[in-house]
Amino acid sequence: TKATEWRDNQFGYVLGGPVWIPKIYNGHDKTFFLANYEGRRAILGGHASGAAPTPAELSGDFSALASLPTFDPTQTGPGSCNALLKANLNCRPLDPLTGQPLTTIASSRLSRLAQVTSKIIPTAATDNSTGEINWFGTANAVTNTDQQTYRVDQTFQKWGQIFFRYTKADYASSNYGTSSLAAQSNAGANIFSENSTSWTGAYTLALPHGFVNDFRFGKLEATALQGDSPASAADIAALGVTGIFTNLPAYAAGYPNLGFGTVNAVSAGSPGN
């Protein structure tokens with residue numbers, strides 16, 4: 001399998017002191033500034049595994065599973081479909097339209113969502129009839145952080161002092177907790193971002209008899225978005241989705257999280273997945 005990358009770089013600076021402009025202004029004991037920046041660039045490699053269909057099964061062809069028992073709620077003994085399902089193994093489903101063993105699903109019976117998103121589902125060389133993990137993928141999830149802060153303090157002696165602080169923070173991360181990972185260009189399918197801006201101003205004045213007046217005001221504004229690997233404009237159009245995601249980044253219009261597994265059936269009418 002492909003090796004993953006693990007790298008975490010953190011960096012930044014803090015610069016502060018009195019404001020001094022040669023021959024123009026000397027802010028010693030009066031005017032002070034502070035500038036700060038913190039950044040992080042992390043690539044955290046990981047793995048994902050699970051059950052995946054073969055290319056033929058993904059297209060609706062289950063003829064390779066002809067040797068497996070067919071679901072029959074009246075059979076409960078060893079080797080029956082019910083016994084396989086209880087052991088988290090597979091068996092051949094029945095066609096709900098004909099009541100016969102399902103061999104092929106015609107493309108006309110596939111939903112529009114299935115037709116559009118089938119290309120993002122990983123496939124395996126062998127079928128999963130034995131219940132073994134048959135798909136294994138790797139990914140390098142990325143986390144980026146940028147935060148900057150600026151502050152100015154001014155003292156007016158007996159008239160008090162003021163300060164103003166401005167902070168901007170941007171955070172973006174991705175992770176690989178999805179079975180549709182393999183077709184996502186190794187970018188990590190689940191994406192989260194948060195962008196925030198805040199500022200605060202204050203005026204502090206010492207009053208007679210030990211009283212202090214501290215007046216503060218500020219604002220915090222943050223936008224957080226969680227999405228998936230971006231779906232292409234062509235896929236969104238093929239799904240017939242219009243009039244949404246117009247003011248959001250591309251990953252807000254992401255593919256659904258798709259996966260395959262087994263399900264325990266209790267009757268002939270029970271739904272499968």
Side-chain angles (χ1 to χ4, degrees), residues 1-19 31-50 117 120 122 135-154 162-202 214 216-233 235-236 244-259:
T1 60
K2 181 181 178 181
T4 60
E5 186 175 358
W6 188 280
R7 185 174 63 204
D8 195 340
N9 297 322
Q10 301 181 46
F11 47 89
Y13 72 87
V14 178
L15 180 65
V19 175
T31 308
F32 302 88
F33 78 97
L34 180 141
N36 163 250
Y37 169 78
E38 298 179 26
R40 183 188 183 201
R41 300 293 183 269
I43 300 177
L44 308 178
H47 302 90
S49 60
T117 60
I120 73 170
W135 171 79
F136 188 85
T138 62
N140 295 322
V142 177
T143 295
N144 292 332
T145 303
D146 294 284
Q147 177 175 304
Q148 49 189 318
T149 298
Y150 306 96
R151 174 168 170 156
V152 176
D153 290 74
Q154 177 67 47
I162 63 173
F163 83 82
F164 181 81
R165 189 266 308 157
Y166 172 84
T167 299
K168 178 176 175 56
D170 299 304
Y171 173 83
S173 69
S174 59
N175 66 67
Y176 36 80
T178 176
S179 58
S180 58
L181 170 69
Q184 300 301 337
S185 302
N186 214 29
N190 301 319
I191 302 172
F192 175 81
S193 70
E194 181 176 83
N195 306 101
S196 65
T197 301
S198 66
W199 55 265
T200 301
D214 185 37
R216 291 174 179 256
F217 57 95
K219 180 180 180 181
L220 169 63
E221 184 175 0
T223 301
L225 295 171
Q226 186 165 354
D228 211 309
S229 295
S232 68
D235 284 354
I236 294 176
I244 59 176
F245 309 118
T246 55
N247 297 318
L248 297 176
Y251 62 84
Y255 292 104
N257 187 357
L258 303 173

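These values consider heavy atoms only, across backbone and side chains, with no hydrogens, waters or symmetry-generated copies.
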Asn195, Thr143, Asn144 screened by side-chain contact (heavy atoms from CB on, under 4.5 Å) with Tyr171, the one that passes: Thr143
Got a second to check how far Arg151's CZ is from Thr200's OG1, nearest 0.5 Å? 9.0 Å
With Gln226, which residues qualify under side chain to side chain donor-acceptor pair (under 3.5 Å), at least two apart? none
Drop me the distance from Leu220's CG to Trp199's CH2, to the nearest 0.5 angstrom. 11.5 Å
Given Phe32 and Phe163, is the side-chain contact (heavy atoms from CB on, under 4.5 Å) satisfied, shown in steps? CA-CA 9 Å; Phe32 302 88; Phe163 83 82; over 6 Å; no
What distance do Leu34 atom CG and Leu15 atom CG have between them, rounded to the nearest 0.5 Å? 8.0 Å
Could you go through Trp6 and Leu44, starting from their C-alpha distance and side-chain angles, then the distance that decides it, and tell me whether this counts as side-chain contact (heavy atoms from CB on, under 4.5 Å)? CA-CA 5 Å; Trp6 188 280; Leu44 308 178; 3.9 Å; yes
Going by side chain to side chain donor-acceptor pair (under 3.5 Å), name the residues that satisfy it together with Asp146, two or more places apart in sequence or in a different chain. Tyr37, Arg41
Could you pull out all residues at least two apart from Arg165 that satisfy salt bridge (charged side-chain N to carboxylate O under 4.0 Å, His left out)? none
Measure the OH-CG distance between Tyr150 and Asn36 for me, rounded to the nearest 0.5 Å. 9.0 Å
Residue set satisfying side chain to side chain donor-acceptor pair (under 3.5 Å) with Asp214, at least two apart, ordered chain then number -> Thr204, Arg216
Would a distance-only check, ignoring hydrogens and angles, find a side-chain to backbone donor-acceptor pair under 3.5 Å from Thr197 to Glu221? no
Taken to the nearest 0.5 Å, the spacing of Thr149 OG1 from Lys168 NZ works out to 12.0 Å
Closest non-hydrogen contact found for Ala202 with Phe217 is N-CE2, 4.4 Å
Residues in side chain to side chain donor-acceptor pair (under 3.5 Å) contact with Ser193, at least two apart in sequence or another chain: Tyr251
Restricting to side-chain contact (heavy atoms from CB on, under 4.5 Å), what partner residues turn up for Gln10, sequence neighbours left out? Asp8, Arg40
From Gln154 atom CD to Ile162 atom CD1, the distance as rounded to the nearest 0.5 Å: 6.0 Å
